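One structure below.
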Amino acid sequence: MEKKTQQFKAEIAEMLDLVVNSLYSKKEIFLRELISNASDAIDRAKFLSLTDKALVQDNPEWKIQIAADKGAKTLMISDNGIGMDAAELEQNLGTIASSGTKKFREMLKEKGGESLPELIGQFGVGFYAAFMVADKVTVETMKRGTEVSCKWESDMSGGYTISDGERDFPGTSITLHLRDDQLEYLDWWRVSDLVKKYSDFIAYPITFRQLDVPKDEKEDDKKSREEREAKPLNTMVALWKRAKKDVKDEEYAEFYKHLTHDWDGPFETIPFGAEGQVEFKALLFFPKKPTMELFMPNQKRGLSLYVRNVFIGDDIEMLLPSWLRFVKGVVDSSDLPLNVSREMLQDDAIVQKIKSAVTAKVLSTLEDMKKKDVKKYDEFFTAFGTILKEGIHTDWEHADRIKKLVKYPTARTEAGKRIFLEDYVKDMASGQKDIYYIVAEREEDARRAPQLESARKHGCDVLLFCDPVDEYLSESLREFDGKKFVDVAKGDVAFGTEDEQKAEKDANEKAAKDLKPFLESAKKALEAYVSDVRVSTRLADSPCCLVQQEHALPPSMVRMMRAMKQDVPEEKRILEVNPNHPLVAKVRGFEGDALSDAMTLLYDTALVAEGSPVPDGAKFAKLLANLMMK
Ligand code: ADP
C-alpha cells in the first residue's frame with residue numbers, strides 16, 4: 001500500500017483538542033479507554049466467531065497485553081480481538097463520533113441480535129484520550145479473517161497517516177510515545193494500580209510486560225519480575241453480575257471492603273438488577289457504622305458506577321438521594337455511554353430511572369427488615385436513622401414511606417427503646433386526635449419535663465424529639481395516618497375527651513379569673529424574662545413550666561442561629577402556673593418584694609427543670625439560701 005497522508009475531517013481537530021484538554025479530568029483514564037476498546041474488540045471477535053468459525057482459526061486465548069519500554073518511552077496496549085482493515089482504520093480513527101462500535105451495535109439491533117455482546121464505546125472519542133499522555137500514537141492492526149496488516153499514525157498536528165503494517169497476527173496494538181512528563185505510566189506499579197482501579201472487572205486477562213530488561217538484571221530481580229508479569233493485573237470477577245446463590249458471603253464481604261476501605265464487613269448486602277426500561281445490575285451494601293465522611297461536606301459519597309464493566313467513578317451521588325448517602329455499592333449499566341460526564345449524569349433520564357429503582361429497593365429492604373427482624377432493624381436505625389429521617393424533609397415523593405420507618409423514644413418507653421409511629425397511633429388514648437411530641441436536647445430532660453404531666457394524666461403518650469434533626473423535621477412531619485403532630489410545649493394544648501376538655505377549659509377560665517390580680521403582678525415582676533404569666537392546662541404535679549408561643553422559633557434553632565452569629569431577636573416565653581398546686585395557692589397571697597422573689601425563684605426552677613441555665617445564678621443562689629433559712 002502506498003503511504004497516504006490524510007487530514008482529519010474538518011471538525012475533528014477541534015474536537016480532539018476538546019477531548020484531550022477538557023473531556024476527561026484525569027489523564028490516567030486513557031488506559032481505561034484503551035483497555036475498554038481492546039475488551040470491546042475481543043467481545044466483537046468472540047461474538048462474530050459464533051457464526052463465522054473462520055475468524056478464530058488461530059484458536060485464540062483472548063487477552064490484553066500491556067508492554068512498556070522505558071528506553072523508547074513507549075507503552076503498548078495489544079489485543080487479539082477483531083482488528084481493523086484500512087477502510088475501518090480511516091473510518092474509526094479519522095472520524096470522531098462515527099464510532100465503529102456504535103454502528104456495530106445498531107447493526108446488531110436491526111438484526112435483532114439476541115446475544116448482543118456488551119460493548120463499551122458508543123461515542124467514538126475514547127481512543128483520542130491517548131493524546132493526553134502521548135505526543136504520537138501508532139496503531140498496528142490486522143483484521144480477523146484477513147492477512148493484511150495496516151498502520152495508522154498521528155502526532156495530532158498534521159492529521160494522520162495510514163500505511164502497511166508489520167503485525168503478523170490478528171488484533172490491534174496501540175503504541176503510545178509518551179510525553180516526557182508522563183513516563184510514570186511505564187511503571188508496573190502505576191499500571192497495575194490503574195488496572196485494579198478502573199478495569200479490574202474486565203473479563204479478559206490483562207498482563208504487563210517490561211520490554212527493555214537490563215542485560216545485567218540480577219537473578220532475583222528477574223525472578224520477581226517474571227512472577228509479577230505472569231499474573232494478570234485484573235481479577236476479572238464482576239460480583240454484581242453473579243447470581244446471589246453463587247456468591248459466598250465472604251466474597252461479598254471482601255468486595256465490600258475493597259470498595260469502601262471499611263475494616264469491617266457489611267451490615268446488609270443487597271444484590272439486585274432491573275430489566276425492561278433500563279437495564280442494570282446493582283450490588284448495594286449498608287455499612288455497620290456511619291463513617292465520618294457522612295457528616296463532612298465535600299467528602300466522597302455515592303455509588304460506584306460501571307458502564308459495561310468499566311469503572312466510571314466511585315462517588316456518583318446522582319444515583320442516590322442524599323438521605324440514602326450511607327448506602328455503598330456498585331451500579332453497572334449497559335445503557336449509559338462510557339464517557340458520560342458528571343453534567344450529563346445529572347440530567348440523564350437513565351440515571352434518574354436507576355436512582356428511582358435503587359431508592360425503591362433500599363426502602364423495600366428496610367421495610368422487609370422492619371417486618372422480619374426488628375432487632376436488626378433497630379441496629380440499622382441506631383446507626384443511620386438520623387440520615388434516613390432527612391428524607392422526610394427533602395423527599396416529598398418518599399416521605400410517607402420514610403415516616404413508617406422512623407422510630408422515636410416516648411415518655412413511656414424505657415431508656416434506649418424506640419417505637420414506630422404506627423405503634424404510637426395504635427396505643428393512642430380514646431378521644432386523642434393528635435400525635436404529641438416534645439423537643440429537648442436530652443432524653444432524660446424530655447422525660448422529666450413538666451409539660452408532659454397533663455398528657456400523662458390523660459393517658460396520652462408523647463414522642464421525645466431528642467435527635468438534633470428532629471426539631472426541624474417536626475415541621476415536615478405534618479401528619480401521620482391523618483393525625484397532626486402537636487408540640488406539647490407550644491401554644492394551647494388540651495388533652496382528654498371533648499367533655500374533659502370542656503370541663504378543663506371552664507375550670508381554667510374560672511381559675512384565670514380568680515387569679516387575675518396575682519397573674520398580673522407576677523407578669524410585672526417577671527417582665528424582663530417572660531411575655532406572659534398564665535394558667536396552665538398541661539401541668540399536674542409541678543407548680544409551673546415554660547412554654548413557647550405557637551409560632552415561635554424552637555430554642556435549639558435559636559441557639560444554632562446565634563452560634564452562626566445571626567441576629568435573632570429575643571423571644572420571650574410564657575410562664576404557665578398550675579392553679580391547683582399548693583405553692584401557687586400560697587404565693588398568690590404575696591406582695592411587693594416577697595412576690596417578686598418568689599416569682600423569680602419559680603421562673604428559675606422552671607428553667608432548671610428543663611435543663612436551661614438561669615439568667616442570674618448568683619441571685620438564684622441567694623434567694624434559695626434565704627428560703628432555706630426560713
Ligand atoms: P468508541 O470506543 O467509543 O467507539 P474510540 O474513539 O475509542 O470510540 O474508538 C473508535 C473506534 O475505533 C471504535 O468504535 C472501534 O471501532 C475502533 N477501535 C478502537 N480501538 C480498537 C481496537 N483495539 N480494536 C478494534 N477496533 C478498535
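What you are looking at is a predicted structure, and each value in this text was computed from that prediction instead of being measured. Remember, it's 1-based here, ligands and their atoms both numbered in the order they're listed.
Salt-bridge check for Lys143 with Glu88: passed, with a basic side-chain N closer than 4.0 Å to an acidic carboxylate O.
Under 4.0 Å from ligand 1, the heavy atoms of Thr172 that appear belong solely to its side chain. Contacts of Asp79 with ligand 1, taken as heavy-atom pairs under 4.0 Å, involve the side chain alone. Residue contacts with ligand 1, taken as heavy atom pairs separated by less than 4.0 Å, involve Met84 solely via side-chain atoms from C-beta onward.
Here Trp152 and Phe127 bring their ring centres to under 6.0 angstrom of each other.
Residue Asn37 places at least one N or O, backbone or side chain, under 3.5 Å from an N or O of ligand 1. Residue Arg44 places at least one N or O, backbone or side chain, under 3.5 Å from an N or O of ligand 1. In terms of polar-atom proximity, defined here as any N/O pair under 3.5 Å, Gly83 makes no such contact with ligand 1.
Atoms of ligand 1 found under 4.0 Å from any heavy atom of Leu93, numbered from 1 in the order shown, are 12 (O). Those atoms of ligand 1 with a heavy atom of Ala41 less than 4.0 angstrom away are 22 (C), 24 (N), 25 (C). Within the listing of ligand 1, atoms 5 (P), 6 (O), 7 (O), 9 (O) sit less than 4.0 angstrom from a heavy atom of Phe127.
The salt bridge (Lys or Arg N to Asp or Glu O under 4.0 Å) test with Glu367 singles out one residue from Lys361, Lys404, Arg401, and that residue is Arg401.
Every residue two or more places apart in sequence or in another chain was checked for a ring pair (Phe, Tyr, Trp, His ring centres under 6.0 Å) with Phe381, and none qualifies.
Heavy atoms of Glu33 come nearer than 4.0 angstrom to ligand 1 in no pair at all.
Taking both residues in full, the closest heavy atoms of Tyr204 and Lys46 are given as OH-CD, 3.5 Å, listed atom of the first, atom of the second, then distance.
Phe169 carries Arg167 over the face of its six-membered ring, with the cationic atom under 6.0 Å from the centre and within 45° of the normal.
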Donor-acceptor contacts, no H, no angles, side chain residues 60-76, under 3.5 Å, sequence neighbours left out:
{"residue": "Asp69", "atom": "OD1", "partner": "Gly71", "partner atom": "N", "Å": "3.1"}
{"residue": "Asp69", "atom": "OD1", "partner": "Ala72", "partner atom": "N", "Å": "3.0"}
{"residue": "Lys73", "atom": "NZ", "partner": "Asp180", "partner atom": "OD1", "Å": "2.9"}

